[in-house]
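Only this structure's heavy atoms are used, side chains among them; waters, hydrogens and symmetry mates stay out. Note that ligands are numbered from 1 as they come in the structure, with each ligand's atoms numbered from 1 the same way.
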Amino acid sequence: MHWSRGMNDMKIVKSDLQAIAVKPDQYPQDDLVEIAFAGRSNVGKSSFINSMINRKNLARTSSKPGKTRTINFYLINEQFRMVDLPGYGYAQVSKAEKDKWGHIIEGYLSSRKNLREVILIVDIRHEPTDQDLMMYNWIKSFGFSGLVIATKADKISRGNWQKHINIILKKLDIKDRSLVIPYSSENKINKARVFEILEPILELEDIE
Ligand SMILES: Nc1nc2c(ncn2[C@@H]2O[C@H](COP(=O)(O)OP(=O)(O)O)[C@@H](O)[C@H]2O)c(=O)[nH]1
Ligand SMILES: [Mg+2]
């Protein structure tokens, strides 16, 4: 691992939507590494990806929840991918649609060799839902480390972050406080810190 060269120094020179998929044969077929982001509809996943890669609107964002029913693969610097997973928790969906969601996401989590980490995105203002907890436990059951981005941190005062982080730690039963990172796509709060965390994960291949 190359700790000296932080990814916050790394320039994102290129980013493209490489693939939109609902099943494995639609995933990119090369072996570039991937980091995926899971969370409730409307929590801010697409905004998170856009803010990390300095794009206003590459990952589609919307104020209408429940829109993204696909796995979207964003190719960054032709080096790695950020993967926007379909959101959950939108009230107005049928049982059939929920099953479809489970199928799409499980197909990805259980079979994707390129996948190095899955990060849960929650809203720092709200206690995580039971579905967040299920998603989080599901992520950990696949062997991922359980990183959580608590986004929309611009919407509460800095002095209140800790109180809200504590609620998240408790609901998700997290002991290691360093796993939960306050973030804002609006002000890019902690963007450099997130890149620092992602860098060694993305460089795992170099160790071999
Ligand atoms: N103030 C603020 N608004 C945000 C932030 N992240 C997302 N939003 C807003 O939340 C809404 C949903 O965001 P989106 O990225 O589409 O959520 P997704 O469904 O999880 O992809 C949009 O109106 C965004 O502008 C943030 O960090 N701060
Ligand atoms: Mg989205």
Side-chain angles (χ1 to χ4, degrees), residues 8 12 15-22 26-27 34-76 81-93 97-98 100-102 104-105 108-109 117-136 138-139 147-165 167-168 171-172 180-195 197-198:
N8 42 335
I12 304 294
S15 51
D16 295 290
L17 175 59
Q18 189 182 6
I20 297 176
V22 293
Q26 298 166 331
Y27 304 163
E34 292 170 0
I35 298 201
F37 301 94
R40 269 192 307 113
S41 299
N42 220 33
V43 71
K45 288 183 304 301
S46 302
S47 303
F48 169 83
I49 292 173
N50 284 330
S51 72
M52 290 295 290
I53 61 180
N54 301 318
R55 292 285 294 261
K56 272 239 145 59
N57 212 7
L58 179 64
R60 272 165 244 172
T61 62
S62 98
S63 49
K64 279 207 194 100
K67 272 279 157 80
T68 319
R69 294 268 185 273
T70 54
I71 302 177
N72 294 353
F73 294 83
Y74 297 96
L75 176 63
I76 318 295
R81 279 182 289 268
M82 288 190 176
V83 179
D84 198 352
L85 296 173
Y88 52 84
Y90 183 45
Q92 261 77 53
V93 296
E97 276 181 286
K98 280 181 192 159
K100 211 162 92 188
W101 174 90
I104 290 171
I105 216 156
Y108 178 72
L109 293 181
E117 197 64 81
V118 182
I119 297 179
L120 181 71
I121 302 197
V122 298
D123 187 324
I124 195 168
R125 299 170 297 170
H126 307 304
E127 182 180 45
T129 63
D130 289 344
Q131 282 178 309
D132 286 325
L133 177 60
M134 277 176 58
M135 187 72 227
Y136 190 65
W138 204 20
I139 289 169
L147 281 161
V148 177
I149 303 280
T151 196
K152 306 194 182 178
D154 59 286
K155 293 206 180 228
I156 57 173
S157 68
R158 206 169 268 258
N160 278 326
W161 287 359
Q162 207 48 61
K163 185 180 84 192
H164 287 264
I165 295 285
I167 293 167
I168 294 166
K171 176 74 186 195
L172 299 180
V180 181
I181 301 137
Y183 188 85
S184 167
S185 302
E186 195 77 12
N187 317 347
K188 318 245 171 151
I189 293 165
N190 275 338
K191 181 176 164 180
R193 191 167 150 209
V194 173
F195 265 132
I197 291 166
L198 298 192

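- No donor-acceptor contact under 3.5 angstrom links the side chains of Asn50 and Ser47, judged on distance only.
- For the pair Thr151 and Val122, the minimum side-chain heavy-atom distance is 4.5 Å or more.
- Of the listed residues (Ile181, Ile119, Ile149), just one forms a side chain to side chain contact (heavy atoms under 4.5 Å, CB included) with Ile197, and that residue is Ile181.
- Residue-level proximity to ligand 1 for Asn42 is carried by backbone and side chain together, each with a heavy atom below 4.0 angstrom.
- Ligand 1 has no N or O atom lying under 3.5 Å from any N or O atom of Phe48, backbone or side chain.
- In this structure, the side chains of Pro86 and Trp101 come closer than 4.5 Å at one or more pairs of heavy atoms.
- Ring geometry for Phe73 against Tyr27 counts as tilted: the plane angle lies between 30° and 60°, on a 0 to 90° scale.
- Contacts between Arg40 and ligand 1 below 4.0 angstrom, taking non-hydrogen atoms only, involve the backbone exclusively.
- Taking 4.0 Å as the cut-off between side-chain N and carboxylate O, Glu97 and Arg69 count as a salt-bridged pair.
- For Tyr183, no nitrogen or oxygen atom sits less than 3.5 Å from a nitrogen or oxygen atom of ligand 1, counting backbone and side chain alike.
- Interface of Ser184 with ligand 1, defined as ligand atoms under 4.0 Å from a residue heavy atom, comprises 27 (O).
- Residues Asp132 and Lys171 fail the side-chain proximity criterion, which asks for heavy atoms closer than 4.5 Å.
- Residue Ser41 has no nitrogen or oxygen atom sitting less than 3.5 Å from a nitrogen or oxygen atom of ligand 1, judged on distance alone.
- Residue contacts with ligand 1, taken as heavy atom pairs separated by less than 4.0 Å, involve Thr151 solely via side-chain atoms from C-beta onward.
- For the pair Gly39 and ligand 1, no heavy-atom separation below 4.0 Å is found.
- Here's the thing with Asp84: none of its N/O atoms is less than 3.5 angstrom from an N/O atom of ligand 1.
- Among the backbone and side-chain atoms of Ser46, an N, O or S atom lies under 2.8 Å from the Mg ion (ligand 2).
- Between Gly44 and ligand 1, an N or O atom pair is found at a separation short of 3.5 Å.
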